[in-house]
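Read the structure below first, then the notes.
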Amino acid sequence: MKKLLLSAMVMTALLSCNKDDDNVNNQDVNFSKLPQEFPFSKMATINGVDVINGGFGSGAAAHPSRKGEFYVITDRGPNTDYLNGKKFLTPNFTPTIMHFKINAEGNVEVIKYIKLKNPSGQPITGLPNPVGMGSTGEVAYDAAGNVLGTDNYGLDSESIVAAPDGTFWVSDEYGPHIVHYSAEGVEMERISPIGVNTGTRKLPAVLAKRRANRGMEGLCMTPDGRTLVGTIQSMMLVPTKVLATNTTLTRIVTFDITTGQTKQYLYRQDGGASDSVCDITALGNNEFLVIERDGNFGTQGGIKKVYRINLSSATDVSGTDLAAVDGMKVNGKALEQCSWDELTTAGIKPVTKKLAVDLVAKLGYEHDKFEGIVYLGNIKLAVFNDDDFGVVDDGNGNPKAKILPKTGKVDKGTMYVVDIQ
């Protein structure tokens, strides 16, 4: 009996230790060699400019059970502005997840690449969706300026959640969509604003009024595994581009994975409509960290901050009709038409926020597109950037090398770890 009791006590102690290890995720991983760039090769050469197989860092997530392992995701692929849309420099590019680990030596080691696929198992592209499937109105061109087609399952992926069952949830800037993918990257479900014919479970119709290239930039899952929480990048055009005047107002949406119920909350940006609320990572079921950034490099006055936010006291602004294309109204006006004083008078509270870390002040952070974060526990935060595949627009719709002013080197996806307040 004593042996059985002792065995039970030992087993309980071991289980408790394992649980505690999970709660301080990654604290014993060797991060001493960070910051560190991801490994890259050349994907294409366009007009003499090298396009790297980068882009990993538009969103990031930790492996749900294995310490020191992470997932980072690309967006729709290398592109430049052109006429009423984008030049897709490699039109057949497939949005891709990179699974990597920090090995015992502290180096980044790629485990595998997972290409996203449609429900039939065929690789998708980053080309825009057609009308009725999540179109932003953008026209796709190839590098020579020839019009390309659309892709019903195309994705401008921006954030990723690695679920405990091995599947992935990915948000994007087209629909905006939240797409559930299998462990092999095959689409299982697509959740979109009401009216987009891609599934029975929907996001609120008002989210379809996101601006082009300003859709659902961030996504995470609450620790209880019940809810997805997504951030819209910037002010939406509700009811129209002309009438949307509150440039610091953007929205957070929650999605109950089991019931499909959604809620919406307001987020007050420090900057204006040109700034971005990017990735989000959970601290608790109501508390999160979110990115606020502008488009400048760190040494050129760039703003790269992380805020600690809480939804507990915020007002759900879903309204009574999720199919209403302009969403909830105050005094007959869409929320984006109202000043913060008007919203306060109406009893609407945004999420609370306070600064967690200023990366420029703390690290001298140089990258312009600070877009991925993962909370590691023990006040440590993993930080990732989108390197735009090493190219930017030259002002005429053609690519040029994306150079960091501080170093004179081509921008590449890099992982940092920083302490937060």
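Numbers for residues simply follow the sequence, beginning at 1. Values reported hereafter were calculated over all heavy atoms of this structure, with side chains retained and with hydrogens, waters and symmetry mates removed. Everything numeric in this text was worked out from a predicted model, so none of it was measured.
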- request: State the OG1-OH distance between Thr248 and Tyr267, to the nearest 0.5 angstrom.
  value: 11.0 Å

message: Quick check against the 3.5 Å criterion: does Ser171 have a side-chain atom that pairs as donor or acceptor with the backbone of Met216?
response: yes

field: Under-4.0 Å salt bridge between Asp256 and Lys263
entry: no

statement: Heavy-atom nearest pair, Leu381 first then Ile420, reads CB-CG2, 3.8 Å

field: Thr281, Val253, Leu228 screened by side chain to side chain contact (heavy atoms under 4.5 Å, CB included) with Leu219, the one that passes
entry: Leu228

Ring geometry between His99 and His63 (parallel below 30°, tilted from 30 to 60°, perpendicular above 60°): parallel

field: Donor-acceptor pair between Glu217 and Thr231 side chains, under 3.5 angstrom
entry: no

message: Between Thr74 and Pro95, is there a side-chain heavy-atom distance shorter than 4.5 Å?
response: yes

message: Give me the atom names and distance for the closest heavy-atom approach of Phe93 to Pro78.
response: CG-CD, 4.5 Å

- request: Just do the side-chain contact (heavy atoms from CB on, under 4.5 Å) check on Met235 and Thr250 with the steps written out, would you?
  value: CA-CA 5 Å; Met235 177 194 71; Thr250 190; 5.7 Å; no

- prompt: Going by an N to O cut-off under 4.0 Å, is there a salt bridge joining Glu138 and Arg76?
  reply: yes

message: Between Lys402 and Asp411 (salt bridge meaning N to carboxylate O under 4.0 Å), is one present in this structure?
response: yes

- request: Please assess Arg251 against Leu335 for the test side-chain contact (heavy atoms from CB on, under 4.5 Å), listing each intermediate value before the final yes or no.
  value: CA-CA 10 Å; Arg251 303 192 188 213; Leu335 302 180; 3.9 Å; yes

field: Test item: Thr136 and Asn213 side chains (from C-beta on) under 4.5 Å apart, heavy atoms
entry: no

- request: Any chance you could measure Ile114, atom CD1, to Thr94, atom OG1, to the nearest 0.5 Å?
  value: 13.5 Å

Parallel, tilted or perpendicular: ring planes of Phe56 versus Tyr113, cut at 30 and 60 degrees: tilted

- prompt: Do the side chains of Lys412 and Phe389 get nearer than 4.5 Å, heavy atoms only?
  reply: no

- request: Could you verify whether a donor N or O on one side chain and an acceptor N or O on the other, from Asn296 and Asp294, lie under 3.5 Å apart?
  value: yes

task: To the nearest 0.5 Å, tell me how far Ile373 CD1 sits from Asp279 CG.
output: 5.5 Å

statement: Val110 and Phe100 have their tightest heavy-atom pair at CA-CB, 4.0 Å

message: Using a 3.5 Å distance criterion without hydrogens, assess whether the side chain of Lys406 forms a donor-acceptor pair with backbone atoms of Gly364.
response: yes

- prompt: Is there a donor-acceptor contact under 3.5 Å from the side chain of Lys87 to the main chain of Ala143?
  reply: yes

- prompt: So which heavy atom on Phe288 is nearest to which on Ala282, and how close?
  reply: CD2-CA, 3.6 Å

query: Within 45° of the ring axis of Tyr365 and under 6.0 Å from its six-membered ring centre, is that where the NZ or CZ of Lys304 lies?
result: no

query: Can you find a pair of side-chain heavy atoms, one from Asn246 and one from Cys338, that are under 4.5 Å apart?
result: no

Sidechain N-carboxylate O distance under 4.0 Å for Asp275, Arg293: no

- prompt: Between Arg201 and Glu189, is there a donor-acceptor pair closer than 3.5 Å when you use the side chain of the first and the backbone of the second?
  reply: no

field: Distance, nearest 0.5 Å, that separates OG1 of Thr240 from CD of Glu336
entry: 11.0 Å

- prompt: Are any of the side-chain heavy atoms of Pro399 and Leu89 separated by less than 4.5 Å?
  reply: yes

message: A side-chain contact here means heavy atoms from C-beta on lying under 4.5 Å apart; do Tyr153 and Val179 qualify?
response: no

field: Asn398 side, atom CG; Lys400 side, atom NZ - distance, nearest 0.5 Å
entry: 11.5 Å

- request: Applying side chain to side chain donor-acceptor pair (under 3.5 Å), run through Thr45 and Asp50 and close with a yes or a no.
  value: CA-CA 4 Å; Thr45 300; Asp50 288 342; 3.0 Å; yes

- request: For the pair His367 and Tyr416, name the ring-plane relationship: parallel under 30°, tilted 30 to 60°, perpendicular over 60°.
  value: perpendicular

query: Just by modelled atom types, is the Pro130 backbone N or O under 3.5 Å from a matching donor or acceptor in the Ser135 side chain?
result: no

query: Counting distance only, does the side-chain N/O of Thr222 pair as donor-acceptor with the main-chain N or O of Thr227 below 3.5 Å?
result: yes

message: Between Gln36 (side chain only) and Val108 (backbone N and O only), is there a donor and an acceptor less than 3.5 Å apart?
response: yes

Validation row: Ile403, Val410 side chains within 4.5 angstrom (heavy atoms): yes

message: Parallel, tilted or perpendicular, judged at 30° and 60°: which one describes the rings of Trp169 and His180?
response: parallel

- request: Quick one: closest heavy-atom pair of Asn129 and Asp151, and the distance?
  value: ND2-O, 3.0 Å

query: Between the side chain of Lys369 and the main-chain N/O of Gly57, is any donor-acceptor distance below 3.5 Å?
result: no

field: Side-chain donor-acceptor pair present, Glu366, Thr299, cut-off under 3.5 Å
entry: yes

Asn197 CG: over 12 foreign heavy atoms closer than 6.0 Å: no

Distance (rounded to the nearest 0.5 Å) between His177 NE2 and Leu155 CG: 6.5 Å

- request: Test salt bridge (Lys or Arg N to Asp or Glu O under 4.0 Å) on Asp270 and Lys353 and set out the steps.
  value: CA-CA 11 Å; Asp270 287 355; Lys353 57 183 280 194; 3.0 Å; yes

- prompt: Is the backbone N or O of Glu105 less than 3.5 Å from a side-chain atom of Lys33, with the two atoms forming a donor-acceptor pair by type?
  reply: yes

query: Which pair of heavy atoms, one from Ile194 and one from Lys202, lies closest together, and at what distance?
result: CG1-CB, 3.4 Å

message: Under 4.0 Å between a side-chain nitrogen and a carboxylate oxygen: does that hold for Glu287 and Arg308?
response: yes

message: For a side-chain contact (heavy atoms from CB on, under 4.5 Å) check, start with the C-alpha distance between Met133 and Thr198, then their side-chain angles and the critical distance, and finish with the verdict.
response: CA-CA 7 Å; Met133 297 290 285; Thr198 53; 3.7 Å; yes

- request: State whether a side-chain donor-acceptor pair under 3.5 Å links Arg214 with Ser276.
  value: yes

field: Tyr82-Asp142 side chain donor-acceptor pair, cut-off 3.5 Å
entry: no

- prompt: If we only count heavy atoms from C-beta on, is the Thr150 to Leu127 side-chain gap below 4.5 Å?
  reply: no

Asp393 (side chain) donor-acceptor with Asp81 (main chain) under 3.5 angstrom: yes

message: Apply side-chain contact (heavy atoms from CB on, under 4.5 Å) to residues Asp75 and Glu158 and explain how you reach the verdict.
response: CA-CA 6 Å; Asp75 58 20; Glu158 289 293 347; 3.7 Å; yes

